[in-house]
Amino acid sequence: MSIFEIVLANQLWARRRQGEKLDPLAQDVPTAGAIAARLAAVLAVFALSIVTLDMAGHRDGQQAFAVGQVAASRQ
């Protein structure tokens, strides 16, 4: 058996010995504050990625404009 299987078997054995249910729905539901905090974190990461991509797009546009000016001045 691999280490993962041994650890999983030990966890299952310990839970059965304690008499806890293995039902995942028996766990507590997250509170509204926890859901709001997760949503805020996801929105912050999304906004940061948009800003980063926008800045990268502006930088590429500026480089293309500069290359165009150099090519035009050589003619």
**Message:** Please list all pairs meeting side chain to side chain donor-acceptor pair (under 3.5 Å) that have one or both residues in residues 35-52, counting only residues at least two apart or in different chains.
**Reply:** none
**Complete:** To the nearest 0.5 Å, atom CD1 of I50 lies from atom CG of L53 at 8.0 Å
**Prompt:** For A34, which residues count as a side chain to side chain contact (heavy atoms under 4.5 Å, CB included) partner, sequence neighbours excluded?
**Reply:** P30, T31
**Asked** In chain order, what residues pass the side chain to side chain contact (heavy atoms under 4.5 Å, CB included) check against L8, with sequence neighbours excluded?
**Response** F4, L12
